[in-house]
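I have placed the structure first, in the form of structure tokens, so that the comments after it can refer back to it.
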Amino acid sequence: DAEITQSPRHKITETGRQVTLACHQTWNHNNMFWYRQDLGHGLRLIHYSYGVHDTNKGEVSDGYSVSRSNTEDLPLTLESAASSQTSVYFCASSESQDLAYEQYFGPGTRLTVT
Amino acid sequence: DAKTTQPTSMDCAEGRAANLPCNHSTISGNEYVYWYRQIHSQGPQYIIHGLKNNETNEMASLIITEDRKSSTLILPHATLRDTAVYYCIVGVDSNYQLIWGAGTKLIIKP
């Protein structure tokens, strides 16, 4: 069965370190998304991609970057981790840019920046 | 900011219908209503979406009022596994992406 996976599931890092979170999907979807979710809040969009070599900034992109070199993967990099980036990170993919098409979410990565 | 208002939390007895309300009084004519849910420690899961007409699928029914200013998600026979945070989403941001609010925490009680 097709799926979307994230790794690691938990990560503790120190302020100032560079961190990369992996996202891999086997749906063969062109569209991929990264969100963060802080306690008691909904999701906020960080970056998204509509295809290979395409990347776009979301609502809260400062301090984050992504690259899309193939269809399956969209790694998220925190250039210099800050305590404000402690959060749960979700990756998602979708078949179409049409929002009527559901987004499939990964299990999330819990990141703690100390 | 999210364009929806949902109760913070709700309870429902197992086996009963769970009715989750959502107010979206500023909805535009071409904006859809989307519902997702998030079971504890998991990624969100799509449930249903609609524009004007009522919609039903294997998971739930969506009832949208005639003036489209509010809607209700109905889980016809709630089970303990339906305990989750339910997000009603209307509108998009400047990137044409969904705007997520805080949702309703639904607790199904035995």
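Bear in mind the structure is a predicted one, so any value in this text is a computation, not a measurement.
By the rule that hydrophobic residues join a cluster once side-chain heavy atoms approach within less than 4.5 Å of another member, A:Ile4 and B:Tyr46 end up as members of separate clusters. With hydrophobic clusters built from ILVMFWY side chains whose heavy atoms lie under 4.5 angstrom apart, B:Ile74 does not share a cluster with B:Tyr86. Residue A:Leu111 is not grouped with residue A:Leu45 when hydrophobic side chains (ILVMFWY) are merged at heavy-atom distances under 4.5 angstrom, including chains of intermediate members. Note on A:Val60: it does not cluster hydrophobically with A:Phe33, by side-chain heavy-atom contacts below 4.5 Å among ILVMFWY residues. Residues A:Leu74 and A:Trp27 are members of separate hydrophobic clusters, defined by side-chain heavy-atom contacts under 4.5 angstrom among Ile, Leu, Val, Met, Phe, Trp and Tyr.
Without hydrogens or angle criteria, B:Tyr36 side chain to A:Gln103 main chain gives a donor-acceptor distance under 3.5 Å.
Atom-to-atom distance recorded for B:Gln38:CD and A:Gln37:CD is 4.0 Å, nearest 0.5 angstrom. Interatomic distance, CD of A:Glu59 versus CD1 of B:Ile99, reported as 8.0 Å (0.5 Å rounding). Atom CD1 of B:Ile89 is separated from atom CG of A:Leu43 by 8.0 Å, given to the nearest 0.5 angstrom.
Across all non-hydrogen atoms, the minimal contact from B:Tyr87 to A:His41 is OH-O, 3.9 Å.
If you measure heavy-atom distances from B:Ser41 to chain A, the contacts under 4.5 Å come from the backbone alone. In this structure, chain B has no heavy atom under 4.5 Å from any part of A:Tyr104.
Within a 6.0 Å radius of CG in B:Leu80, other residues, nucleotides and ligands contribute more than 12 heavy atoms. Enclosure of atom CZ in B:Arg68 by more than 12 non-hydrogen atoms of other residues, nucleotides or ligands within 6.0 angstrom is indicated.
Among B:Leu51, B:Ile47, B:Val85, B:Leu98, the residue with the largest count of heavy-atom pairs under 4.5 Å with chain A is B:Leu98.
Scanning residues 8-16 of chain A against chain B with a 4.5 Å heavy-atom cutoff picks out A:Arg9, ordered by number.
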Taking it one step at a time, do A:Tyr35 and B:Trp100 satisfy side chain to side chain contact (heavy atoms under 4.5 Å, CB included)? CA-CA 10 Å; A:Tyr35 296 89; B:Trp100 298 70; 3.8 Å; yes
One pair to check against side chain to side chain contact (heavy atoms under 4.5 Å, CB included): A:Tyr48 and B:Gln97. What are the steps and the verdict? CA-CA 10 Å; A:Tyr48 59 103; B:Gln97 300 299 327; 3.7 Å; yes
